[in-house]
Amino acid sequence: MQFENYSYKNNELFCEKVSLNSIASVVGTPFYVYSKKSLVDRFHEFKASFNELDHQIFFAVKSNSNLNVMKLFYSLGAGLDVNSGGELYRALKIGADPKKLLFTGVGKTEDEILLGLRNDIFLFKAESIQEIELMNKLAASENKKARIAIRVNPNVDPRTHPYITTGLYESKFGIDEGAAFEAFQFASKLSNIVVVGIDMHLGSQITKLSVYQDAIKIINRMIQKLRESGIHLTHFDIGGGLGVQYNSDLAPSAKDFADATIPLLKETNCKIFIEPGRYLTADSGALVSKILFTKEHRNKNFLIIDAAVNDLLRPALYQAYHHILPMIQVNRDLVKYDVVGPVCETGDFLALDRPLQKMNREEHIAIMTSGAYGFVMSSNYNSRRRVPEIIVDDDKFYLAKERESYDDLVKNEKIIEELFK
Ligand SMILES: *Cc1c(COP(=O)(O)O)cnc(C)c1O
């Protein structure tokens, strides 16, 4: 079900037992809000779906890297899939055991690899021969062995938006299937590398389960071939990418996903790693914003709101649809609106031609399903301050990240007097 923990009570929109209006009156707008119950429920649902399989879930931190969100999944038993030195730092900051960290990424720097090695993280994913060579060299200089999984690109079209497609030959990710066998052979001969697994990640917002099935069959054959050549892998990491429902079209559940993949995954005799991001976080979140002005141009109606493309990039970047709910539900005529922000770009929209109850200045809206790839993709463009993140737990809400100040915007800049002499 969509936005399960958001509902109207006396026509007022609540997250769990907290009215969004009560949060707005304390922190102002715009702000992101996440339902803790939604995060917990999604995790348990996902975990239960894969119960019969020997598996480990690694939360894909990049979908929502608020420390509290990370710590919540970690405390529920998830490992963490990090994508950069910054995400690794966050994982260490919440006290995660390095043995529960995977380091993903197509372009890790020397510093990032060293940070992982020095903290003895469980696993690096290797995405090219050059990277394997570099890891071997750096591990030797640290007197360590780097545990790696090789990311294989099975060339399966996930039939999602091209910007979030990763498992095709023309995309930059992984080592293509044809070259992967040699990469495994090569890596397994290096003295400071231990090859323990095989990895894939096909893309994001995938709603066709046959895409996973096709790819798993390809990887299964590779695992078999490697085994015959004397390389015994302990795990198969199937990545993340399971889609969620944004619009009215249905997305498969974790249970559907598990039912479609478990029989194939059992054939491998490997422990299965899964890296959900969006599936765990998207539905928990909403971006709440105030209407600054309304205006009409001939036959177009605009809602000019205080949130913008810098706060939620998905509509502009992927033509993504986010459902919009009025904070106070009123029985008024429907009007088709373009919902736009104050940023000086025509691409600054949150929704186009969207039928909503007629809205007025000073009223609020909630842009739903924005808990994944929402705040984490926000920027300071137009010198806008990044917005606060709120976590609701039953009848309480907590400020998990404050709104930036104007000082925050300039704190790493300095005026160089020599330039003005
Ligand atoms: C982005 C990413 C994920 C998570 O993807 P979702 O679509 O959010 O589930 C998992 N694994 C890897 C390697 C990724 O790059």
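FYI, side chains are in, hydrogens and waters are out, and symmetry mates aren't considered; it's all heavy atoms of this structure. Whatever order the structure lists them in is the order used to number ligands and atoms, beginning at 1.
H322 and Y246 have their aromatic ring centers within a separation under 6.0 angstrom. The aromatic ring centres of H323 and F3 sit less than 6.0 Å apart.
With respect to atom 9 (O) of ligand 1, the closest heavy atom belonging to the protein is G241 N, 2.8 Å. The single protein non-hydrogen atom nearest to atom 7 (O) of ligand 1 is S204 OG, 2.3 Å, given as residue, atom name and distance. Ranking the protein heavy atoms by distance from atom 11 (N) of ligand 1 puts E275 OE1, 2.6 Å first. Residue, atom and distance of the protein heavy atom nearest to atom 4 (C) of ligand 1 are A60 CB, 3.3 Å.
Close contacts between ligand 1 and R278 involve ligand atoms 6 (P), 8 (O), 9 (O) [criterion: under 4.0 Å to a heavy atom]. Interface atoms of ligand 1 facing G240, defined by a heavy-atom separation under 4.0 Å, are 9 (O), 10 (C), 11 (N).
Taking the ring centre of F124 as origin, the terminal cationic atom of R147 falls outside the region bounded by 6.0 Å and 45° from the ring axis. Seen from the ring of F375, K401 does not count as a face-on cation partner, given the 6.0 Å and 45° thresholds.
Distances shorter than 4.0 angstrom occur between a heavy atom of Y373 and an atom of ligand 1. Look at A372 and you'll find every heavy atom at least 4.0 Å from all atoms of ligand 1.
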Show every donor-acceptor pair shorter than 3.5 Å between a side-chain atom in residues 85-97 and any protein atom, with sequence neighbours excluded, or say none if there are none.
residue : atom : partner : partner atom : Å
E87     : OE1  : N83     : N            : 2.8
R90     : NH1  : S65     : O            : 2.9
D97     : OD1  : K99     : N            : 2.9

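Annotation: K62 places an N or O atom under 3.5 Å from an N or O atom of ligand 1; distance criterion only.
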Derivation and outcome, salt bridge (charged side-chain N to carboxylate O under 4.0 Å, His left out), residues K125 and E275: CA-CA 13 Å; K125 299 203 208 132; E275 305 166 342; 2.5 Å; yes
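A salt bridge is absent between D81 and K62; no separation between the charged side-chain nitrogens and carboxylate oxygens falls under 4.0 Å.
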